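Each chain gets a letter, A, B and so on, in the order the sequences are listed, and its residues count up from 1. Computed from a predicted structure; not experimentally measured.
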There are 2 protein chains.
Amino acid sequence: MEANENKIKGIPEPTVRRMPQYHNYVKNKKIQGEIYLSAPAIGRSLRLDSTQVTKDLAYTGVAGKPRIGYHVETLLAAIETFMGFNQIDHVFLVGAGNFGTALVGYPGFDEYGVKIVAAFDNDPKKIGSKIRGVPVFHIDKFRDLAQEMNVKFGIITTPPQNAQQVADLMISWGILAIWNFTPVNIQVPKHIIIQNTSIYANLAVIMNKLHHKLSIENL
Amino acid sequence: MEANENKIKGIPEPTVRRMPQYHNYVKNKKIQGEIYLSAPAIGRSLRLDSTQVTKDLAYTGVAGKPRIGYHVETLLAAIETFMGFNQIDHVFLVGAGNFGTALVGYPGFDEYGVKIVAAFDNDPKKIGSKIRGVPVFHIDKFRDLAQEMNVKFGIITTPPQNAQQVADLMISWGILAIWNFTPVNIQVPKHIIIQNTSIYANLAVIMNKLHHKLSIENL
DNA sequence: CAGTGTGAAGTTGTTCACAGCA
DNA sequence: TGCTGTGAACAACTTCACACTG
């Protein structure tokens, strides 16, 4: 299967979610000087079935060598091109509170082709300041700057009560993809990409497992 | 199907992940004074198939009324008991950096039965201080305090290079469940619950959708 | 009827089994 | 023998179809 076909029909989401893991793992192995890496080896470290690894990597277009594995350097480059990690997108973040600030400083975004170039808020105390080199503007400046810098991707880290309104504004200003960190279920038109990252979903999963475990142990 | 059976055989993970959404939605509707709520109505707001909603809610043990829906108050209580939201677990957080600090202040944890009661770090400047009322201790205090307070759940927000070591220590100190916010693939014994919350997996999904969209538009 | 509740069908993702290869 | 690569079996989750109910 050729890599370009996937661009059209879309890659399975679980595969996409695993790509950063592969990338991180392969990158480290490259730094350690490894030349070849096999799917079973990757699978063992990442706790994945080796067939899964093989199928995932096939999407990037690399070919492995029987008995030897994948050439580390080729594989790393394949993942990066396939995922677009080396093509940097500029991103705006709205809501320079605690979480927003932490996100701006989050390490490794650039490694994945993303650069937060400006933050926005409506708190006069914050406007004009910088968060780790990233300037904070009043939300009013969003539209013009987005146009100027051709920004299509926005992150929302506002208080929940502002989330929907901010999303509506962003969309009216030409944003195509929104990454929402608030617990709000933001409603967007069908053509807009929205990704909700809810801490609570993950919390629910782990709490459920923990309670399940504890209830079994108490039998 | 009875609620208790699920405790034993485990609930589908997607269902668990949706529970906080239902909870949040139903809670708001209760505040707004709604008495009954139907699965189709919930589905429309949360962009879920109505059968999905029905099946998910069935796990909590509630019964709905044909033509009317679910009694809001009963439903809310059912979700909370089912998920254990009203039984508070004390949690420790290791790594009082930017992200850790943001997490400590994250609103709504208590609503989901979780309370971060202490943070730990190895930076002398931070020790003795408080983050929104939560005391910061030296990591050396972890073991004794965990025993004292019967803490079984730990959050890791350290720099990546310390993540594995912190996890190993936590486990040796009796922690049963770890919520890992670092990009590291932490290795744990099989009986330990680990939940990796990687910002990068979500980032990869949205970037992939965005690139896909843009590549189609440029045809 | 407009909803619940559920078995059956459909879809998606994972794992198995094995052919081919060096 | 230990790997890649892939079609087929399997498992998990979602959606459909419909009987049932007030």
Side-chain angles (χ1 to χ4, degrees), chain A residues 1-3 5-6 9-19 21-22 26 29 34-72 74-75 78-79 82 201 204-205 208-209 212, chain B residues 1-3 5-6 9-19 21-22 26 29 34-72 74-75 78-79 82 201 204-205 208-209 212:
Chain A
M1 192 186 282
E2 216 201 288
E5 284 178 29
N6 307 310
K9 58 170 201 238
I11 310 114
E13 189 171 309
T15 297
V16 173
R17 300 184 69 86
R18 286 187 291 266
M19 281 297 169
Q21 284 191 66
Y22 296 132
V26 174
K29 287 300 176 183
E34 305 276 343
I35 307 296
Y36 283 95
L37 221 42
S38 75
I42 298 174
R44 246 169 280 125
S45 282
L46 267 39
R47 304 249 162 142
L48 297 168
D49 183 276
S50 74
T51 308
Q52 186 72 267
V53 176
T54 305
K55 290 196 167 168
D56 285 342
L57 297 184
Y59 280 103
T60 67
V62 276
K65 295 185 186 170
R67 276 226 44 161
I68 294 171
Y70 301 87
H71 186 243
V72 169
T74 315
L75 176 56
I79 295 173
F82 175 64
V205 172
N208 181 62
K209 284 183 188 162
H212 182 223
Chain B
M1 192 186 278
E2 217 201 289
E5 283 177 29
N6 307 309
K9 60 169 195 245
I11 308 116
E13 189 172 309
T15 298
V16 174
R17 300 183 71 85
R18 285 187 291 266
M19 282 298 169
Q21 285 192 66
Y22 295 133
V26 174
K29 287 300 177 185
E34 305 277 344
I35 307 297
Y36 284 95
L37 220 42
S38 74
I42 298 174
R44 246 170 281 127
S45 282
L46 267 38
R47 305 248 162 144
L48 297 168
D49 182 276
S50 73
T51 309
Q52 186 72 265
V53 176
T54 305
K55 290 195 169 169
D56 284 343
L57 297 184
Y59 281 104
T60 67
V62 276
K65 294 187 184 167
R67 279 223 45 164
I68 295 173
Y70 300 87
H71 187 242
V72 168
T74 314
L75 177 55
I79 295 174
F82 176 64
V205 172
N208 180 62
K209 285 182 188 162
H212 182 224

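With sequence neighbours left out, B/Thr74 forms a side chain to side chain contact (heavy atoms under 4.5 Å, CB included) with B/Val62, B/His71. Here A/Thr15 pairs with A/Asp56 under the side chain to side chain donor-acceptor pair (under 3.5 Å) rule; sequence neighbours left out. Scanning for side chain to side chain donor-acceptor pair (under 3.5 Å) contacts around B/Arg47 gives A/Gln187, with sequence neighbours left out. Every residue meeting the side chain to side chain contact (heavy atoms under 4.5 Å, CB included) condition with B/Lys55, not counting sequence neighbours, appears here in chain and number order: B/Thr51. Residues meeting the side chain to side chain donor-acceptor pair (under 3.5 Å) test with A/Ser50, sequence neighbours left out: none.
In this entry the distance linking CD1 of A/Ile68 with C1' of C/dC21 reads 10 Å, nearest Å. Counting to the nearest Å, the P atom of D/dT4 and the NZ atom of A/Lys65 are 12 Å from each other. For B/Arg44 and C/dG3, the CZ to C1' distance is 11 Å, given to the nearest whole Å. Note: CG (B/Leu57) to P (C/dG3) measures 15 Å, nearest angstrom. Look at OH on A/Tyr70: it is 8 Å from C1' on D/dG5, rounded to the nearest Å. Taking atom CD1 of residue B/Ile42 and atom P of nucleotide C/dG5, one finds them 12 Å apart after rounding to whole Å. The distance from atom CZ of B/Arg67 to atom C1' of C/dG5 is 17 Å, rounded to the nearest whole Å.
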Between the protein and nucleotides 12-15 of chain C, which nitrogen or oxygen pairs come in under 3.5 angstrom?
from   : atom 1 : to      : atom 2 : distance (Å)
C/dT14 : OP1    : A/Arg18 : NH1    : 2.9
C/dT14 : OP2    : A/Arg18 : NH2    : 3.0
C/dT14 : OP2    : A/Gln52 : OE1    : 3.2
C/dT14 : OP2    : A/Gln52 : NE2    : 3.3
C/dT14 : O5'    : A/Gln52 : NE2    : 3.0
C/dT15 : O4     : A/Lys55 : NZ     : 2.8

